[in-house]
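The sequence lines fix the lettering, A, B, ..., with proteins before strands; numbering per chain opens at 1. These figures come from a predicted structure and were not determined experimentally.
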There are 2 protein chains.
Amino acid sequence: MRRTCRACALHALCLPASISADELNSLDAIVRARRPLDRGQQLFASGARFQSLYVVRSGSFKTTLETNSGEQQVLGFHLPGEIIGFDALSDDVHRCNAEALERSSVCDVPFAQLDEFASSVPGLRRQLMRIASREVVKDHEHLMMMGRKQAQERLAIFLRSLSERYRNLHRAPDLLELPMSRHELANYLGLVVETVSRLFTRFEELGVLAVNRKQIRIVDFARLDELAGEPSPNLESEAC
Amino acid sequence: MRRTCRACALHALCLPASISADELNSLDAIVRARRPLDRGQQLFASGARFQSLYVVRSGSFKTTLETNSGEQQVLGFHLPGEIIGFDALSDDVHRCNAEALERSSVCDVPFAQLDEFASSVPGLRRQLMRIASREVVKDHEHLMMMGRKQAQERLAIFLRSLSERYRNLHRAPDLLELPMSRHELANYLGLVVETVSRLFTRFEELGVLAVNRKQIRIVDFARLDELAGEPSPNLESEAC
DNA sequence: CGTGTCGTTGAGGTCGCTCAACACCAGTGG
DNA sequence: CCACTGGTGTTGAGCGACCTCAACGACACG
């Protein structure tokens, strides 16, 4: 089960990006495997002491934040190659919950050792900051979606972005197997589940998607872009 | 105009936190002052090449993201001691706009030199990650507000949080001098300006605030907490 | 088959948006 | 001194996108 970073398919997306072969071996010595988590199991909980960053190796996770009134806000969904836990670096306590959406496995990267190692490897140091920064950029886009977009655009933007992430993982970008429930998706989008359900129906009627429970096929990328509020340049709107 | 980090009042909040006196001098050699910006002037624009992180020294800034349809989303407001530019570390290009809300000054911290210096100073390295992580935590809270809170709660949460930041800066926490326009505030909260205006009126009628244009006085902190959706423990709601 | 979870659909209500008018203030120029 | 202007903030009326509530259908699991 334990494999080396070198042999890992996620190599280029992950921490090892842009470090040498020698250094890769040292990193391998730090990274620990972890027994797979089942659907619904927590990787860590808000308030827990921070020790490690986690890299999704297979499956998927959601991170959530609890309001003081007990509701949850889904902050993000995390696919293989993505790193979870950066919010905990601020004061060594996890600030959100991370939960497996399906049977999933992670690499456990003890931060103290990683930081120690990074001090001598500028490339790794840089990559760490880069990934933390990407988290910020991702959140900013999420914020823009929540603040300025209406329901239809939100779902379209989400599907497009998920498709893009699938492409980066060398999965078919038009065949989305949603790991999250409608409820979790709606929550992430700042909507209620009924609205999302109606949108899937509408998108199917428009010939943009083929929906079968959690299997979504994107039929018309150009129109999906339009629905996302980004009129594709090569396809003029019929109104003009 | 140019002052040292050592003499700076923001010392403890900023990058120098938890580094030694010697190291502080080295940091001083890196940091460059910059001529003050007037209200409306941009510190950097989205798409610009990233060279420096900026620390707000006086005044205040907003960061914004532009949608593809040309609208803006305000991502955050930045008070003295706060650091702007972390979103640019992902690929050395600024991913948002930063604009002065009033006459303001910043410290310019060239990142290449900072990173170089940080390699030999574990405390600084750690502090850099800490601040980046705080940015993530802040965005997560903003997201929760946008996703799960209604208008009244949003404004109350914002005012409470601003008051807290004032307290950290040793300013009176009940006397808020809002540097942003109603429009910018509404945008940040994911609302329209009319809604925010009505809320200020309502909060004043409720005896929670005293509002005079951009000068806001918090009259009743406990009730503001209630409006923020956090029933204060020592003050039971009159309904029970 | 019953039970529970999840997703879909319908009917009705409401919070916040849209649109429009007006108040307030500062700056400008006669 | 006042009129004029533009920017900013407030208020009112009406509407609509999304939420709420409720029922039902589909599927998994015992």
Side-chain angles (χ1 to χ4, degrees), chain A residues 38-40 62 67 69 71-74 99 101-103 145-159 176-206 209-216 227 229, chain B residues 38-40 62 67 69 71-74 99 101-103 145-159 176-206 209-216 227 229:
Chain A
D38 281 322
R39 172 184 161 78
K62 68 171 176 183
T67 73
S69 47
E71 317 165 272
Q72 280 198 338
Q73 172 64 47
V74 174
E99 182 185 320
L101 294 173
E102 57 194 311
R103 187 168 175 80
M145 198 179 74
M146 299 285 251
R148 306 253 73 77
K149 302 294 186 176
Q150 28 194 25
Q152 172 173 293
E153 300 176 273
R154 294 189 201 185
L155 181 59
I157 289 168
F158 168 76
L159 291 171
L176 307 180
E177 184 81 33
L178 303 187
M180 73 291 290
S181 70
R182 292 286 193 272
H183 187 83
E184 288 162 333
L185 175 53
N187 186 301
Y188 171 80
L189 297 173
L191 304 169
V192 292
V193 62
E194 294 94 326
T195 303
V196 170
S197 183
R198 279 184 248 270
L199 284 172
F200 272 122
T201 305
R202 191 195 303 174
F203 282 11
E204 200 165 22
E205 287 167 356
L206 290 172
L209 301 179
V211 182
N212 184 352
R213 321 192 105 262
K214 301 197 163 178
Q215 291 144 29
I216 312 288
L227 291 171
Chain B
D38 281 322
R39 172 184 161 79
K62 68 171 177 183
T67 72
S69 46
E71 319 167 89
Q72 279 199 341
Q73 172 64 46
V74 175
E99 182 184 319
L101 294 173
E102 57 195 310
R103 188 166 174 82
M145 198 180 73
M146 299 286 250
R148 306 254 72 79
K149 302 293 186 179
Q150 29 194 25
Q152 172 173 291
E153 300 177 271
R154 294 189 201 185
L155 182 59
I157 290 170
F158 169 77
L159 291 172
L176 308 180
E177 184 81 33
L178 302 187
M180 74 291 291
S181 70
R182 292 285 193 272
H183 187 82
E184 288 161 334
L185 175 53
N187 185 301
Y188 171 80
L189 298 173
L191 303 169
V192 293
V193 63
E194 293 95 326
T195 302
V196 170
S197 183
R198 279 184 249 270
L199 285 172
F200 272 121
T201 305
R202 192 196 302 174
F203 283 11
E204 199 165 22
E205 287 167 356
L206 289 172
L209 301 179
V211 181
N212 184 351
R213 320 192 106 262
K214 300 198 163 178
Q215 291 144 27
I216 312 287
L227 291 171

Heavy-atom donor-acceptor pair, B:Gln73 side chain to B:Asn187 backbone, under 3.5 Å: yes
Integer-rounded Å distance: C:dT9 C1' and A:Glu204 CD: 14 Å
Atom pair distance, as rounded to whole Å: CZ in A:Arg154 and P in D:dC18: 7 Å
Side-chain donor/acceptor of A:Arg198 to base of C:dG10, under 3.5 Å: yes
Side-chain donor/acceptor of B:Gln152 to base of C:dC15, under 3.5 Å: no
Euclidean distance, atom CD of residue B:Gln215 to atom C1' of D:dG9 [Å, nearest integer]: 14 Å
Among D:dC18, C:dT8, D:dT10, the one nearest A:Arg182 by side-chain distance: C:dT8
Between CG on residue A:Leu159 and CG on residue A:Leu227, distance to nearest 0.5 Å: 10.0 Å
CD on A:Glu71 to NZ on B:Lys149, rounded to 0.5 Å: 6.5 Å
From C:dT9, C:dG7, D:dC27, nucleotide with atom closest to A:Glu194 side chain: C:dT9
Under-4.0 Å side-chain N/O to phosphate OP1/OP2 contact, B:Thr195 with C:dC17: yes
Distance in angstrom units between A:Phe200 CZ and C:dT9 P, rounded: 12 Å
Sugar-phosphate, base or nothing in reach of B:Ser181, heavy atoms under 4.0 Å: sugar-phosphate
Minimum-distance pair of heavy atoms, taken over all atoms of B:Gln215 and B:Glu177: CG-OE1, 3.1 Å
Shortest side-chain distance from B:Gln150, nucleotide among C:dC15, D:dC18, D:dA22: C:dC15
Protein-nucleotide distance (A:Leu155, atom CG; C:dT8, atom P), rounded to Å: 11 Å
Nucleotide nearest B:Val193 when distance is taken to its side chain, options D:dT11, D:dT10, D:dC19: D:dT10
Reported CG-to-OG distance for the pair B:Leu191 and B:Ser197, which is rounded to 0.5 angstrom: 12.0 Å
B:Phe203 CZ to D:dG9 P, straight-line distance once rounded to whole Å: 17 Å
Candidates D:dT11, C:dG7, D:dC19 - which lies nearest the side chain of A:Val192: D:dC19
Between P of D:dA28 and NZ of A:Lys214, the distance in whole Å: 12 Å
Atom-pair distance (CG on B:Asn212; P on C:dC25), nearest Å: 9 Å
